[in-house]
Every structure is written in structure tokens, then in C-alpha cells.
Visitor: 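Handing you a structure now.
Here is how names work: the chains are called A, B, and so on, in the same order as the sequence lines, proteins then strands, and each is numbered from 1.
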Amino acid sequence: MSNQRKRLNGEEEDDEDGDGIGDWERAYVDDRSWEALQEDESGLLRPIDNSAIYHAQYRRRLRMLSVAAAGTRIQKGLIRYLYIVIDFSRAAAETDFRPSRMAIMAKHVDAFIREFFDQNPLSQIGLVSIKNGIAHTLTDLGGSPESHIQALMGKLESSGDSSLQNALELVHEHLNQIPSYGHREVLILYSALSSNDPGDIMETIQKCKKSRLRCSVIGLSAEMFVCKHLCQETGGLYSVAVDEVHLKDLLLEHAPPPPAIAEFAVANLIKMGFPQRAAEGSMAICSCHKEVKIGAGYTCPRCKARVCELPTECTICGLTLVSSPHLARSYHHLFPIAPFDEVPTLSSQNDPRRKLGKSCFGCQQSLLGAGNKQGPCVTCHKCKHYFCLDCDIYIHESLHNCPGCESIHRPKSVSLMEE
Amino acid sequence: MVKEMAGGQVEKRVRLKSSGKDPGTPGFLRIREEMLLFVADDPKSDSKLKVQTQNIESHICTKEGSNKPNWLKLTNKEVFCLPLEGVISSSFKIIRTCMLAVTLSQRPLLNVKRNQLFRHPLSSSVLQTWSYASSFFEKVGIELQRLHKQLVEGKVLTEDEFWATRKKLLGKVSTGKSKQQVGIKSMMVSGIKPSTDGRTNRVTFNLTPEIIFQIFAEKPAVRQAFVNYVPSKMTEKAFWTKYSRAEYLYSTKNTAVAAAEAAEDEELAVFLMPDEILARETRQKIRRVDPTLDMEADQGDEYTHLMDHGIQRDGTSDVVEPRNDQFRRSLLQDLNRHAAVVLEGRSFDVESEDTRTVAEALTRGKQVSKAGGGSTKDANQERLARMSRAAEMEDLQAPQNLPLAPLCIKDPRDYFESQQGNIILNEPRRAGASKRNVHEAYGLLKESVLEIRSTGLSYPLIKPQVSFEVFSWLTRTISTAKNIIGKNPKESFLNRLPKSTKDEVLHHWTSIQELLIHFWSSYPITTTYLHTKVGKLKDAMSNTYSELDAMKQSVHSDLRHQVSLLVRPMQQALDAAFEHYEADLQRRTRTAKSGEGPNGCI
């Protein structure tokens, strides 16, 4: 956006960009700012309270997820090898997503990669792009978010056609080499409405199915039969984003580990190392940067090589090096907290049967809303404590432990030691 | 295309040019260690080249990745030129590397080394050696040369083993990875629109090699006509002009004019009439009575006007079609033909600009597939597979929810004991002892808890002497570290050492890294080859260990402390490797003695 100020007769004109419309005009033309208003009880206008809508959407999503996983606990793919395929064909230059589909995809993939490594520290990501009918590997499988994001942001150009088959063939070749305990996944961000393939894509889809590749697609334009068929055959998810926020939500849905399918879940013992942190004054040449590092860093327990960060694979002996918080973060996914129950808002505050805590157990903020009426809140059916909606989201998405349940005094735990 | 002759020679197809505008004489370029020789295809040609490598002043090659055509130019001689094609660019790379090795050989410092590499018996081919040699010199520099000398010429590692971890350094070597092909454009052949300028009464068709390929793939009659008529009856340009005229007539949908022109011009008629080759193929398909025939698609099939095709219609609702309906083509026909061509698959890319080569290659491909498709067993199986897929109506199928794996967390003690069993094989099981330790620990903990309950927590919680000791130790460590780092923390520690010491330390570190990577990747030892390799590596590591000690002694006393700080982690890594080697050796001799050696182990 260029700010060209023309000074005519000493006056200053408004900021204009190349299109000739100002920022304030864009709010009406593009963003339709009148839709963000609603009337309150007295007929006055006020901005829409987005937080309530956000919370409602969140709870709906949580309920859907928990219904799917109700009853028995299921295995999940904790060690995931995920390839993100991004369509950089000419359809990615469309401007229905502002500023362009390509820019929005890059932005959200950046956020997704960080979230992915946050939730799946033992996993690895690789990036593939489709341009001019050919698929190119942008980065190989690796565990460092920065290198992937750097490679992605350095190559934001779109041209040519898109070929789904070439992308699947390339990813299939890469993922065939990973060990059997890893979960093979592909996430395709598809902008085009067609696929220019050199052969029969159905054969490629069958090949992917046989190799246990779980392919999911997020479309940015419209639903396509071939993408739907691919996802159905391989057990993935297909969705089409309607706007930017929706695209972000759809992408982030793929961050938590998916359930493992029974016939493909192979139980294996995997060797991992838990390196110790190097002492403060210790010095060594690190294997990753070939520089002398003093103090910070870790030493591989097997070959004593120096590495700079975890989790990683030791460059000398190939051992997977992790720390216990990484395992703990993965472990949480196996034991998700059941969704809390919504507390219905009662007209009467003086119901003697209900013992409403006046503050949230998590953050101690008052649960009473405007006019001393009870605001929206939830309750844990195990410990019966009340939580506000923000704490509900925080507990389910980040903490993965209910503070109420953890605070329950368990006198029997001591006697367990005597067994 | 690559010919490797005995005695160290590389031969490639090139075109020799004496200037930029010269079309060039095709022939073979032979690159030998001492000479470059060009031999033309045509024995009567005057173009010749023979030059000793020592007389080459310098050479210029096109850079990798640039858009210019590949050429190699000797400053004191003529220009070489190669056709610019995808496959051939790798040949050009080989020529480049050979030339580099040749010219670098003129530096006396590296001469001996190159010869040794060149005659290395373990390389699989001369070409690889040349390629390794020149990449080695060009890209990576002195350090890797030194490492190569130490490890490969010192017989610790073979050439292939050394370069196995460095494939990326030698450029993307295709290790059997399939090359991707571009699909045929969605814009169909019938969609090729000509351009017109408003002034004259002309339309211009722009036919690229890609479009020509598509035309040949979708219209076998045109392909056959090209093979038959060009260049015997007409030039290529005339052929395509006639074809474009036919397409233009189709697009005008003026069947009367089309019929008239077809009657006059025999060749034009070939383009305007329905494709006979295609009709034949379609009849064959119909005869096979394919049960997956989709009734709806039948309506829009390629040749509904053929007799005996499709559903019998009673003719009541048929429109009486004019006589010249054979000059019409519908969009559905085009779409179906295009889809059929795409599904058949693309066997090769458009490499050559020569249209005739493309046409012949396509014809050959078709014949091969026809011959191969005659096998009835495969055809039946394929049909059965297609039937099972096609018989399902999507809406009536149940959702494909594959059963999920239930979570089952096993008792870790099972695994722990099995792991421990590997290490303490012959020691008596001390399970009872470990349980006793747990009880003891619990008892001690309980006692201290009771004591705290009765006497309360002491104030201060931690004894002052203890905290002072911790504090002073930390201060000492941090100040020592600060002394080591120096006043300027950003300055690299290594840069403060003299250059020779720094180089030596880095060289030792690099060679230790290399040895350790190969060492750890050889475990578990399952073959004799690995056993021998590990033995050689272990000897090399022992030598390096003593060299490190010697280096520490030889260094100036001011720097001795710093160097020993750097050397210590390297020696620790070597010690860990030695320990592992010894432990593995003991375990294997123990299993060998007990007579229950596992399969494949020595």
C-alpha cells in the first residue's frame, strides 16, 4: 500500500493506495463493516459480541470431537511424519482471500507449523509445492519449525497448472522410506479447480491407500470429486474453507494427533535418548553448526556428541533425542479431558438446590455477569467445580489437566507405595 | 549416450561450432586425460579438433541453472555446443566436471592427487571418479580434500562409502527416483483459438511442441498422416497449415463448405473426416462388451454415429441428421477423447523438437500397448477390479469408518526387564534386592517426614554453610567461563587460536565426526563386511586419539588449557565409541561360547 501524499495548495489529501480508495473506504467496500453491528434491547447499535459466538463455536467443536471419541480410549498417532502440499498454481493468485490465496495460505501454514510442533514434539514436517504441473520438495522431513517457515516464505510465487497426481507420487516416494512406527500423513492445501495429471490418478490413490498414507485436503475454491474420493479412500478429512477464519480453524484441526486405525497400528519399541544439559562452563564444538558452544546445549547419552536443541536426531549416531516435557506433551493427547458441562442460566438466583460458586475455580474471577446475573460458565462433572469459558478453553487446549480434579486430596495414594 | 572407454576416456555427443551463427557439426567429443578429440559424424566434414590438455589456456562453461543454451568454449579454440534438452543437461554436467578436472590438473599441487583418484581401483566407473574428483576440487575445498586423503587413501573407508553421505554435494544424483511428467493441458485440442489482426483477412495458429504432442496423442489419424505425408508429399509447414485450415472450418461449423473442400483436397479430407483409427479402436472396445459401460456416458460417446454402437434406439426421437454430419464434432466427443488420452498415461516427455520423432515414438508406444494389452488374464482381472469399483453407487454405500485401535498401555516393567536382560545376561536375577531397596528408601522417607512433623521445619531451611558453598562454587564456575569466553562474548573462541592450531583442531574434529558417523551406523553388526569396517574404523579412531594427545603436548603452553578444553569432548566421544565396541565384542564372544549365536551374527 503506497502512501502518496499530494500537497496541493498546502493541503494534505488522505492516504491513497494504487486503487484510488482510502483505508476508511476499504472498511466499507471490502470488509462490510455494517455487518459487525447489532441492536441491543433498547434499539441502540453496538458492535457484535464476538466472544460469545467464539465460545459457542468452540464448545460445539469440542462436543463433536468428544462424541467421536466417546467410551473407550483410542490410540493416537503421536510420531507423525506429515507432508504439507501447497498449491502454487495460478489459481493461488486469486484475490478472493485478501491479499491473495497464496499469502493467506503461507500465513496460516506458518501458524500451523508452530502449533503442530507444540502439540507433536516428536513429529516431523516436510513441505512440497505444486507449480507448473510439477511437484517440488521445498524442505525434507525435519523437526525445526524455523527452517520450514523460512523455505516457505522465500518461495511465494504462483504459476502454471496444478497436478494432484504428481504431488501424491512425490510424497509417496518420500514417505515410503520412514519407519513403520511412524504415521504417514499428507495435508494438501488446494486452490485450483482442476488437476492436470500425466496418468490415471485413481491408481495413485490406490497406491497411497496401500502405503497407509492418510491424505487430507483443505480446498480454497470449491469441492472437487477427486479430492473427496482421495480423502475417503485414505481415511483423511476433506473440507473447503469459506473465509480466512474458517481456513485457520480447518488447518488447526489437523494439529492434534489423529486416531490410529486398528489394522495399521503397529506396536514397536522405539529407542530414544534423554540427554543431559551440558554444564555451564563446558565447551564443545557442536555437530549442527560446527562452532564452539559454551554452556548451553545437550550431550547425546550414547555417542556424547553435542547438540544445540531438542527434540532432534543425533547427527552422529542417529538416536532420537527428546526431553521428558516433550513426551508429556504427546502423552496428554492419549488422555483428553472430557468436555465440561454447560451450566444452564436460571432466572432465579435463589434456587436452594444449586450451589453456585461465585468465582471461577481456575482464575478466581467472578462468574456473575452484568446485573448480578450468572454469566456463562461450565462445570467439570468429576470435581464439580465451576470454570469460566476462557479457563475452559485454556484447560482443554493447553493445560490438558483439570485443576479441580488435580486438587482433590487423595489419602489413599500413600498406601499404594506399600504394595 | 555415455560411452566410457577403457583407459580413462569419456565420450559425449556434441555439436562443434566455430562461431555463434554456425549451425554446428554433430559428432563425438572424446575427453582424455591428456587430450581432447572431436570426431564428426560425417567423415567428409572439415570440422576437426585435437588439442592437448596442457595447451588449453582456459575454458568457459555455461553455469548450471542459467537459461542460456549449454556450451563449452575453449578460449584458444572453437566453440562447442550441445542441444538444450532435459536429459542431455546431465551429460553437459559431466563434460563440465571433466573439463574442470582436466584444467585443474595443470596445477602442480593437485596433480598427484588427481592421478591417484583417477586410478583408484574401487570406483565403479571412470566417470564417477572424474565426477568425484572435479566436484571435490570445485565445491568443497581444501578441508574435504584433506579428509578424503586421510580416510580414503589411508584405506579406512572406500570411495563409495565416503561419498555416500555426501550425495548432495555432488549434485542431485538420481537414485532411481522417477522423474515427474507434466500432464496434458486441460485446454483441449479443439480449444486452440487462432489469433487475428483486425486489418488483414488472416488467422494465425500458434502450434508449440506441446500442442503438437497433444494433437498426435488425441488424433491418431493426424499422426498417421504426418508420418505418411511429411516430408515426402509436403513440408511440415504445409501440413500444419492444412490442419489449421481444417480446424478453422470445424470451428465455423459450416459443414457444406467443409464437405466441398474435402472433396477437392485429399489431404484436407483426412483432417475433416472422422478418425478411422479411433473408430477401429472403439469398435474393439465395444466388442469386448465391457460391463462397466456407463449408460449415460454412452450418449456422449466418441462415435455414436457408428453402426452397432450403444443402445438400440427405435429412431423415433432421433433427429434426422443432415448428410454432412460426419463433418461435425461435438464437445462431448472431444471431452471423452481427451479424458481417454489422459487416463492412458504419458509415456514420455516432449524432448525433441523434431515432430517426426514425436510422431514415431507415439506410434511405437501405441503398438507396444496394443501388444501388451492382448493378455486376457490381466484384462479379466482388471475388468473384475473395475467392476467391483464401479458397481457401487456412492450414495448407497455405508460410510467407510475404519475401526480405531483401542489404547492399551502395557506394564513398563515387562519391557524394562527385557532390556536389562540384554546387559546383565549372566548375573543372577536381583529382583529381590531391588524391592528391598524400594522398601528401604520408603522407610527413610517416612522417617524424615515423621521427624519434620514432630520437630517442625528448621529455620533457616537450608544450612548457611551449604548455601555458601554452593554460591561460591557457582561464582567460580561462571567467572572461569567468563575468562574462557573473554571480554567480547561475540568473538569466536576458535578465532583466538593461531590459524595452524585452529585448522588442526577443526580437522581432527571433522575426521572424528566422520569416523563416528560410520562407526555408529555399522551397528548392529550383521555381516562380515560391517565387522571388518568397524575394525578399521576402530584402529583409525585409536590413531586419532593418540594424535589428539600429541597435539595437546605440542601446543604452546599458553594455549594448552584452551586446546585441552576443546579436545576433551572429542576424546569423550571416542571413549564412548570404544566402550560400545568392547561391550559388543564381549557380548558376541559370550554368545558364541554359549553356542546360541543368533542368525547372521559372527
Visitor: Need one label for Ser163(A): side chain, backbone, both or neither, based on atoms under 4.5 Å from any heavy atom in chain B.
Guide: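 For Ser163(A), no heavy atom lies under 4.5 Å from chain B.
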Visitor: Looking only at heavy atoms, what is the nearest atom pair of Trp509(B) and Cys286(A), with distance?
Guide: CZ2-O, 3.5 Å
Visitor: Do Leu407(B) and Phe335(A) touch side chain to side chain, with heavy atoms closer than 4.5 Å?
Guide: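 Side chain of Leu407(B) against side chain of Phe335(A), heavy atoms only: contact under 4.5 Å found.
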Visitor: Name the option with the most non-hydrogen atom pairs under 4.5 Å to chain B; the candidates are Glu203(A), Lys304(A), Gln165(A).
Guide: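 Highest number of pairs under 4.5 Å: Lys304(A).
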Visitor: Need one label for Ala305(A): side chain, backbone, both or neither, based on atoms under 4.5 Å from any heavy atom in chain B.
Guide: neither
Visitor: If you count heavy-atom pairs under 4.5 Å between each of Cys314(A), Gly160(A), Cys303(A) and chain B, which one has the most?
Guide: Cys303(A)
Visitor: Tell me which one of Ile512(B), Leu515(B), Leu516(B) satisfies side chain to side chain contact (heavy atoms under 4.5 Å, CB included) with Ile316(A).
Guide: Leu516(B)
Visitor: So which residue, Gln513(B), Arg568(B), Gln572(B), ends up with the most heavy-atom pairs under 4.5 Å with chain A?
Guide: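 Top option by heavy-atom pairs under 4.5 Å: Gln513(B).
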Visitor: Chain A heavy atoms under 4.5 Å from Leu343(B): which part of the residue, side chain, backbone, both or neither?
Guide: both
Visitor: Going by the rule salt bridge (charged side-chain N to carboxylate O under 4.0 Å, His left out), which residues pair with Asp584(B) if we only count those two or more places apart in sequence or in a different chain?
Guide: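 Testing Asp584(B) for salt bridge (charged side-chain N to carboxylate O under 4.0 Å, His left out), a comparison that skips the adjacent residues, returns Arg587(B), Arg588(B).
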Visitor: Spell out, as yes or no, whether a donor-acceptor pair under 3.5 Å connects the side chain of Gln180(B) to the backbone of Ala135(A).
Guide: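 Side chain of Gln180(B) to backbone of Ala135(A): a pair is present.
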Visitor: Report which part of Asn166(A) has an atom under 4.5 Å of a heavy atom belonging to chain B: side chain, backbone, both, or neither.
Guide: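 It is both, since atoms from each part get that close.
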Visitor: Answer with side chain, backbone, both or neither: which region of Arg302(A) has an atom nearer than 4.5 Å to a non-hydrogen atom of chain B?
Guide: both
Visitor: Please enumerate all residues that pass ring pair (Phe, Tyr, Trp, His ring centres under 6.0 Å) together with His333(A), with sequence neighbours excluded.
Guide: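 With sequence neighbours excluded, His333(A) shows a ring pair (Phe, Tyr, Trp, His ring centres under 6.0 Å) to His400(A), given in chain and number order.
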Visitor: Testing the basics here: between Met570(B) and Ile285(A), what is the closest heavy-atom pair and its distance to 0.1 Å?
Guide: CE-CD1, 4.2 Å
Visitor: Name the member of Ser521(B), Ala405(B), Ala573(B), Gly183(B) that forms the most heavy-atom pairs with chain A at distances under 4.5 Å.
Guide: Ala405(B)
Visitor: Does a side-chain heavy-atom distance below 4.5 Å link Asn132(A) with Val182(B)?
Guide: no
Visitor: Under 4.5 Å, counting heavy-atom pairs only, tell me which of Gly133(A), Ala260(A), Ala284(A) racks up the most with chain B.
Guide: Ala260(A)
Visitor: For Ala577(B), is it the side chain, the backbone, both, or neither that has a heavy atom closer than 4.5 Å to a heavy atom of chain A?
Guide: neither
